[in-house]
J.: 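My structure is below; once you've seen it, I'll send some questions.
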Amino acid sequence: MPSIHVLNAEGVSEEREVPPGSTAAELYTDRSIVVARIGGELRDLATVLNDGDVVEPVSIESADGRAVLRHSTAHVLAQAVQQLYPEAKLGIGPPIRDGFYYDFDVATPFTPEDLAALEKKMQDIVKAGQRFSRRVVSDEDARVELAHEPFKLELIGLKSGASDDDLADVMEVGGAELTIYDNLDAKSGDLVWRDLCRGPHIPTTRMIPAFKLMRSAAAYWRGSEKNPMLQRIYGTAWETRDALKEHLAFLEEAERRDHRRLGAELDLFSFPEEIGSGLAVFHPKGGVIRREMEHYSRLRHDEAGYEFVNTPHLTKGQLYEISGHLDWYSEGMYPPMELDAEYGADGELRKAPQKYYMKPMNCPMHNLIFRARGRSYRELPLRLFEFGTVYRYEKSGVIQGLTRARGFTQDDAHIYCTVEQMPDELDSLLTFVLDLLRDYGLDDFYLELSTRNETKFVGTDEDWEEATETLRRAAERQDLELVLDPGGAAFYGPKISVQARDAIGRTWQMSTIQVDFNLPQRFELEYTSGDGSRQRPVMIHRALFGSIERFFAVLLEHYAGAFPVWLAPVQVVGIPITDGHVDYLHEIAAKLRSAGVRIEVDSSDDRMQKKIRNAQKQKVPYMLIVGDEDMAAGAVSFRYRDGSQKNGVSIEDAVNEIREAIANRAQA
RNA sequence: GCCGCCUUAGCUCAGUCGGUAGAGCGUCUCACUCGUAAUGAGAAGGUCAACGGUUCGAUUCCGUUAGGCGGCUCCA
């Protein structure tokens, strides 16, 4: 009798004897167990156990369990598609974050009505309770069986040509052996449908508790622009109906917070068509928020020893020849303006035009400031800071609100220091960055360390080694989760990026801190060291917000438009009960204004309830309401954004309360 | 850039199977003067994204362009 080790959910091992031929399924009665981890690998519950196996249950609610559920649901989708559209060819169908997709080659793209029909078909398949059955096949057999599936054939071909590592992510052929999963009818056991797949799968389609098709979109086969476009259907699947509902509610919440929507509702910014795609204008209210964001950032940079510089938006191409941008980045740049060309009478070129470019990056200009005169080691670290506006010609399809624009302002700093100074500098820099982000209201971070891409880099092994280690040590000192991103660095140096989680748990890449070996060399940057020798400084690129526009969008979504008082465009709205209270409110408003508070008095002829509603919809932090009672007592009544109220507050106390909340950058 | 969808009043959206349009909110005017999320009445507001084609006639059908949305690719 085989003896196996059974691990329970808590990881406690228990030795057990089972009859020969027993499967993992026989160990569990709990229907929420969908697959098992056997010897560390996820396997079907139908897997026959061998002597010495260590078996661990995987619940549908776990990350692995959900992935398997979603993968199986993708199979159900593919089956539904081929039943409704027999000519559809299968691409790939993996689980992804919060769901799954499956790619198909079909003559016409799917419509929303098609999705509804497919969803119905899928429900039938789920109800039918088809069994997922694993079958090992040889390459040759698979080719015969899947002769009508050109994309699957391609994957089989790839597998025989490539190492397993290369295809580890491909659900279809990523396993050690080639397998096909058959969907078998619950009663007759007849083959209903099959797909090339490494598995594992849930035992039957009936174990899909809740799913929904989300949308269809096109996607390149195997992710390359050179390949044909397939039609991709996205779906989601969950362990319970409630979990699905919760996920849909989350998506709705995200939509409600969408900065493009809030930007229009709160009159913060717009993208006038006349200006061009991806180029924003900030309206007065958005301008106030932006000014406060920038103002506070300047204060902190000043305290932290940065020096402020300014550079033009436009430059001759020569600068980007030196920096190398024209070689490797010209596609991302606006095409040049050609100036001062001269032509002869017959049109022949007598003097070549001078090419000017909009700047896509600030660093080359900062380098010119560094080398404008000889530099001494005494000046280092030299920290140059600028709100530098850059223009990048993003492809039309990638532009997205303020988060992906064609013109945006970086809070860009370049720090020039000696190799010896680098550890301290990076350490204090990271602390500075995180502290500042916390002041803006983000407090849940993790760090990502991107290391060298072995096929694409400049600089010596020692440089990389040292810089990477220094970054790692600085990161580890922050007591935050550190995620490695091997090979993710730019060619010129390793980087740390700060990822922030917002109020509803989404992560955004915020600051990046990047060591650069390339530009100091290209610009031949030097300083004179204590012994009189010329040395090359290390350069650190650092953007904290990334771009102000993008950070603006992140904060807008994080706060769902309800900015903390210090950032709120209108901090207080004065609401009179009747016209007779307007003058009194204006007096209070004058006091608050002289205390630096942004207040408006709503003297429109709306009713007071309507004024409250308006202020509420504009997410104004404080409403000061005044009626006869307040006026008689020389007081005001607070209504806060959360709906709570505090009545009969003396004017002095009211002014102090608001002033303090602003000065402390209080949340809520 | 690629694929699909979309563009009607300031905003959100109806509508016209080809005969030049409608609501709510907002704006303006008037009345109302009210204690914590919508007072009532009236008015103004549209080359139906732009251009071209088909047609007696195009907001509607076709094409091109611009912009937006969802993906793919990209994000130095």
Side-chain angles (χ1 to χ4, degrees), chain A residues 96 101 103 106 108-112 114 214-234 255 258 260-261 264-265 267 270-279 320 323-333 360-361 363 390 392-401 403-406 408 456 489-493 495 509 512 514 516 518-519 541 546-547 550 575-582 604-618 623-631 636-641 643-648:
Chain A
I96 52 174
Y101 66 79
D103 289 342
V106 283
T108 50
F110 298 104
T111 64
D114 294 339
M214 304 303 289
R215 61 172 59 93
S216 66
Y220 298 111
W221 167 239
R222 298 184 53 230
S224 168
E225 293 181 82
K226 296 178 191 88
N227 289 336
M229 277 241 162
L230 305 182
Q231 294 303 316
R232 174 172 298 180
I233 294 176
Y234 285 92
E255 205 178 310
D258 189 307
R260 292 165 296 192
R261 178 196 184 118
E265 277 174 14
D267 194 16
S270 60
F271 291 89
E273 217 180 297
E274 295 82 347
I275 295 178
S277 184
L279 298 165
Y320 291 111
S323 69
H325 284 88
L326 280 177
D327 286 339
W328 77 78
Y329 187 60
S330 55
E331 267 183 35
M333 293 168 66
M361 284 185 148
C363 31
V390 296
R392 301 181 183 180
Y393 192 74
E394 302 285 358
K395 287 180 183 175
S396 60
V398 308
I399 288 169
Q400 217 212 16
T403 53
R404 195 79 186 271
R406 280 183 174 164
F408 55 93
K456 202 178 86 175
F491 70 91
Y492 52 80
K495 79 169 173 194
Q509 185 185 316
T512 57
Q514 201 145 9
D516 187 345
N518 184 47
L519 283 184
H541 300 250
S547 94
R550 196 181 120 85
I575 297 178
I577 304 275
T578 72
D579 291 352
H581 311 114
V582 170
S604 70
D605 56 5
D606 283 331
R607 291 174 74 206
M608 163 268 229
Q609 286 86 340
K610 183 61 181 294
K611 292 179 184 183
I612 289 172
R613 181 179 151 86
N614 286 342
Q616 201 78 51
K617 276 174 50 175
Q618 287 296 305
M623 282 165 247
L624 289 185
I625 297 175
V626 167
D628 289 339
E629 287 170 37
D630 297 290
M631 226 163 101
V636 296
S637 291
F638 275 89
R639 182 189 161 101
Y640 301 94
R641 197 154 45 185
S644 63
Q645 48 180 300
K646 186 157 77 181
N647 298 330

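Chain A is the first sequence line, chain B the second, and so forth, proteins listed ahead of strands; every chain is numbered from 1.
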J.: Which part of the nucleic acid does A:T111 contact within heavy-atom distance under 4.0 Å: base, sugar-phosphate only, or nothing?
T.: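 No contact.
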J.: Whole-Å distance between B:rA49 C1' and A:E274 CD?
T.: 11 Å
J.: Send over the distance from A:Q609 CD to B:rU36 P, rounded to a whole Å.
T.: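 About 6 Å, once rounded to whole Å.
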J.: Base, sugar-phosphate, or nothing: which does A:G397 touch, judged by heavy atoms less than 4.0 Å apart?
T.: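 Base, at least one base atom sits under 4.0 Å.
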J.: In whole angstrom, give the distance that lies between atom CD of A:Q509 and atom P of B:rC74.
T.: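 These atoms are roughly 16 Å apart.
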J.: A:R260 side chain N/O closer than 4.0 Å to the phosphate oxygens (OP1, OP2) of B:rC69?
T.: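 A:R260 to B:rC69 OP1/OP2: side-chain N or O found under 4.0 Å.
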J.: How would you label the contact of A:Y234 with the nucleic acid (heavy atoms, under 4.0 Å): base, sugar-phosphate, or nothing?
T.: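 Counting heavy atoms under 4.0 Å across all strands, the contact made by A:Y234 is with sugar-phosphate only.
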J.: Take atom P in B:rC3 and the same atom in B:rU65, then report the distance between them in whole Å.
T.: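 That atom pair is separated by 11 Å.
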J.: Once you round it to whole Å, what is the distance between C1' of B:rG71 and CZ of A:R232?
T.: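 Roughly 8 Å, once rounded to whole Å.
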J.: As a test of understanding, state which of A:R406, A:M361, A:E331, A:R404 forms a side chain to side chain contact (heavy atoms under 4.5 Å, CB included) with A:R392.
T.: A:M361
J.: Would you mind telling me which of B:rA66, B:rU73, B:rU36 lies closest to the side-chain atoms of A:E225?
T.: B:rU73
J.: Between B:rC30, B:rU73, B:rA37, which nucleotide has the shortest distance from any of its atoms to the side chain of A:K395?
T.: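 My answer, after comparing the listed nucleotides, is B:rU73.
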J.: Checking all strands, does A:Q645 fall into the base, sugar-phosphate, or nothing category for heavy-atom contacts under 4.0 angstrom?
T.: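 Base, at least one base atom sits under 4.0 Å.
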J.: Pairing of RNA chain B as dot-bracket, 5' to 3': ( ) intra-strand, [ ] crossing, | other strand, . unpaired, with Watson-Crick or G-U pairs under 3.5 Å?
T.: (((((((..((((.....[..)))).(((((.......))))).....(((((..]....))))))))))))....
J.: So what does A:R639 touch, heavy atoms closer than 4.0 Å: a base, only the sugar-phosphate, or nothing?
T.: base
J.: Where the side chain of A:M229 is concerned, which of B:rU39, B:rC3, B:rG35 is the nearest nucleotide?
T.: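 Nucleotide nearest to A:M229's side chain: B:rC3.
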J.: How is A:P112 classified with respect to the nucleic acid when contacts are heavy atoms under 4.0 Å: base, sugar-phosphate, or nothing?
T.: nothing
J.: Using a strict threshold of under 4.0 Å (side-chain N to carboxylate O), is an ion pair present between A:D103 and A:R232?
T.: yes
J.: If you assign each of A:G401 and A:Q514 to its closest nucleotide in RNA chain B, which residue comes earlier from the 5' end?
T.: A:G401
J.: Within a 6.0 Å radius of atom OH on A:Y393, are there more than 12 heavy atoms belonging to other residues, nucleotides or ligands?
T.: no
